[in-house]
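Worksheet: one structure, shown below.
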There are 2 protein chains.
Amino acid sequence: MDISPRKKKILAAVVDEYIRTAEPVGSKTIAAIADLGCSSATIRNELSELTALGYLEQPHTSAGRIPSPHGYRFYVNELMERQKLSIEETETINQRLNQKMEQLDRLMSDAGRLAGQLTGYPALTLSAPRAATAKRFDLLYIDANTFIIVLLLGNNTVKNKLVHLPFSVEQGQIQKLAALFNAGFTNIPEEEITPVLISATERAARDTMGLTSIIAAYTIEALSQSREGAAFVTGESSLLRQPEFRDPDKAHRVISYLSDSQHLMGLPGKATDDSVRVIIGPENVAEELRDSSVVMASYDAGAGQRGLIGVVGPLRMDYSAVAAKLQYIADGLSRLLGAGEAPAGFGKMILKGDISDDEHGTD
Amino acid sequence: MDISPRKKKILAAVVDEYIRTAEPVGSKTIAAIADLGCSSATIRNELSELTALGYLEQPHTSAGRIPSPHGYRFYVNELMERQKLSIEETETINQRLNQKMEQLDRLMSDAGRLAGQLTGYPALTLSAPRAATAKRFDLLYIDANTFIIVLLLGNNTVKNKLVHLPFSVEQGQIQKLAALFNAGFTNIPEEEITPVLISATERAARDTMGLTSIIAAYTIEALSQSREGAAFVTGESSLLRQPEFRDPDKAHRVISYLSDSQHLMGLPGKATDDSVRVIIGPENVAEELRDSSVVMASYDAGAGQRGLIGVVGPLRMDYSAVAAKLQYIADGLSRLLGAGEAPAGFGKMILKGDISDDEHGTD
DNA sequence: ATTAGCACTCGGAATGTGAGAGTGCCAGCA
DNA sequence: TGCTGGCACTCTCACATTCCGAGTGCTAAT
């Protein structure tokens, strides 16, 4: 069932105005802002039909109309005009993205922060989980009681761990172990690292001190970590600025839901190939988000992985502006992280590389 | 100027009761709960004197009294009875702490989460910044276009970075660079890594392709990162459950202040050797926290570093319970991370070790 | 010094009132 | 048939008013 062009115009006007003001909008207001050549009375008729069709709601008899979730959906699908970013906005984004990208996780949370600041909503970033394999082992001999495990994973992630031993070990022993692990533990999935394999290696290495187990345990840990993916949320408190979250309980529900990265990982549901996805209120699987909307854009995180960056806000969200901004940021991230083009120059290399992390020793 | 024992008792009663109920407490209530053998009229007199002394305030003429920041301070210093934790509580803490401590930063944020859940307030964890030096360089040759920088810092932190090159390089060249860096860049403070040193090294290595700069730049980055320390906040939204933060604006101010790790790093002010520190409302340096209180406990993070774990809440905080819990958690962390005892066994080693991180490559 | 009694104050809940915005409907008009 | 102006009706919100009770401060008595 199609609805007339005039209805569409009116619906769009209601949504736009409501997004702007957060107040129910009445027939008169619409007559004033949208110049369709007809009076408020006509619009009243149209409004009541739109209400009957389920696109609009009225909080009470003598208030204006507000869009229903259905109305928002229709707006997002058909009415919304793709917004262009201003020069300054694109400038800001480019600058901020290029600024400092030393670490991947830092980059993710920075990009999230950026999205949050630009849109005024809490932002979230997700990196898709993916099973990885070990690609290469290095064991760096530091001294008789200390060595470092450096593990290069299939997704070009490097993990490391400093190991202190309560006994001495020789460099030759370490080297032998590295060779055995490179032979036996590379390019196999996590579940194939079995106790059988480990004890076989242990025997081959004539390792009586449990070094093999240490390295194997760390390998498993590193693999399972890289399988988990990562999630960040920033700017949770900006929700509180939205009138629809003035109720602290409501805000609390949403924010604490967002604080659990378990929840976040499940948020996107199954992937689609839309570049920008909009989930409106009740469309959310999670109970807690049933009166919030989520807008997410996906980006190419390199090494065949995709990541998501998005924001959470009230139903009355400026979908058009938010979508445009997220899209732009996601494109920027894809450009920075994505595969395809060869690294162009020095700066680029530095940008891409890295990560790292700490190891706390005992002494 | 000393105050009478009875005044102390009354003050303690007011604070305890107000902490419990969040309602101004009147003379009658005190007469009922604290059994000093006197009537409400007497207590009224005492109350008005305590008010004159600045320990109490009244929101308005015909309301009960609430503690002033001064009153809280006096309470914390002299009246508060050190609370014991219940068996279950210590159990929970022990369990949760021992559970999984794979990564240092994960451990920090987990401990924060634990503190937050136990106390019901937003929790923060800080690791003290400390200048570090490079202790050892390793450059792992992967293929003609790829190598890994592994950097062992003075505080036994390991950092790494995967570097992709748009040109080829030989293994010998990489080894030569590693030797040069180990000779010239180890055990010197960050600021001595000057362009002069770098270009000297570059010449010595006959490096015409900028490899030296890449490694030096990464070294500087790693050092400055480890100098920055780290800060986490979790459970921000639990502030919203407190009646004094029902005003979304107020809550928003505090939460967004806490979201900035720059702010957090400066929060503790100069260190004291108290094991638990309490900062009450106006004692906070930060404007934004002037009507919140902060309780922090410090722990031994190993390698001569100290960390802080704390919570933020309203003035009306259960200082006694919160302090006890934080203290216990901090002790647990010290036990797990701290220096002193040698690693006892296998599990212990695994616990202490580690960290790691990711590197995103291009292909 | 302590207490009981009492007048007084003040904030908050409850209630009442009015204004305004917006609707729905109807009758007239193109 | 579709649009418009007019009008009565409804409902909420803001504001004013009232009322109640908790709690104080004071005073006089013990």
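In what follows, chains carry the letters A, B, and so on, assigned in the order in which the sequence lines appear, proteins first and then strands, with residues in each chain numbered from 1.
Summarising the geometry, atom OG belonging to Ser298(B) is positioned 6.0 Å from atom CG belonging to Leu308(B); distances are rounded to the nearest 0.5 Å. Here Ser27(B) contributes atom OG and Leu47(B) contributes atom CG; the two are 6.5 Å apart, rounded to the nearest 0.5 Å. Atom OG of Ser48(A) is separated from atom CD1 of Ile43(A) by 12.5 Å, given to the nearest 0.5 angstrom.
Partners of Thr119(B) under the side-chain contact (heavy atoms from CB on, under 4.5 Å) rule, at least two apart in sequence or in another chain, are Tyr121(B), Val311(B), Val322(B), Lys325(B). Partners of Ala330(A) according to the side-chain contact (heavy atoms from CB on, under 4.5 Å) rule, which considers only residues two or more places apart in sequence or in another chain, are Ala297(A), Tyr299(A), Ile309(A). With sequence neighbours excluded, the residues satisfying side chain to side chain donor-acceptor pair (under 3.5 Å) with Gln83(A) are Ser320(A). For Ala22(B), the side-chain contact (heavy atoms from CB on, under 4.5 Å) criterion is met by Pro243(B), Arg316(B), not counting sequence neighbours.
Evaluation of the salt bridge (charged side-chain N to carboxylate O under 4.0 Å, His left out) test over residues 71-86 of chain B, restricted to residues two or more places apart or in two chains, returns Arg73(B)-Glu283(B). Within the structure, side chain to side chain donor-acceptor pair (under 3.5 Å) contacts touching residues 252-267 of chain B (residues at least two apart or in different chains) do not occur. Within the structure, side chain to side chain donor-acceptor pair (under 3.5 Å) contacts touching residues 28-37 of chain B (residues at least two apart or in different chains) do not occur. Screening residues 49-66 of chain A for salt bridge (charged side-chain N to carboxylate O under 4.0 Å, His left out), with sequence neighbours left out, gives Lys7(A)-Glu49(A).
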Check the interface with nucleotides 1-5 of chain D: list each N/O to N/O pair with the protein under 3.5 Å, or write none.
from   : atom 1 : to       : atom 2 : distance (Å)
dC3(D) : OP1    : Arg6(A)  : NH1    : 2.9
dC3(D) : OP1    : Arg6(A)  : NH2    : 3.4
dC3(D) : OP2    : Arg6(A)  : NH2    : 3.2
dT4(D) : OP1    : Gly37(A) : O      : 3.4
dT4(D) : OP2    : Ser39(A) : N      : 2.9
dT4(D) : OP2    : Thr42(A) : OG1    : 2.2

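When atom types are taken as modelled, the side chain of Asp247(B) and the backbone of Asp249(B) share a donor-acceptor pair closer than 3.5 angstrom.
The C1' atoms of five pairs define one axis at each end of the helix from dA1(C)-dT30(D) to dA30(C)-dT1(D), and these two axes lie 20° apart (to 10°).
With rounding to whole Å, Arg65(A) atom CZ is found 13 Å from dA21(C) atom C1'. Straight-line distance from the CD1 atom of Ile66(A) to the C1' atom of dT23(C): 16 Å, rounded to whole Å. Atom-to-atom, CG of Leu47(B) to P of dA22(D) comes out at 17 Å; the value is rounded to the nearest Å. Taking atom CD on Glu49(B) and atom C1' on dA1(C), their separation rounds to 12 Å, with Å as the unit. One can place CD of Glu57(B) at 17 Å from C1' of dT24(D), the figure rounded to the nearest angstrom.
Residue-environment remark: NZ (Lys250(B)) exceeds the threshold of 12 foreign heavy atoms within 6.0 Å.
Applying the 4.0 Å criterion to OP1 and OP2 of dG24(C), one finds that Gln58(A) has a side-chain N or O inside that range.
Contacts with DNA chain C (heavy atom under 4.0 Å) in residues 8-27 of chain B: none are found.
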- prompt: In B/S/- notation, 5' to 3', how is nucleotides 8-16 of chain C contacted by protein heavy atoms closer than 4.0 Å?
  reply: -BBS-----
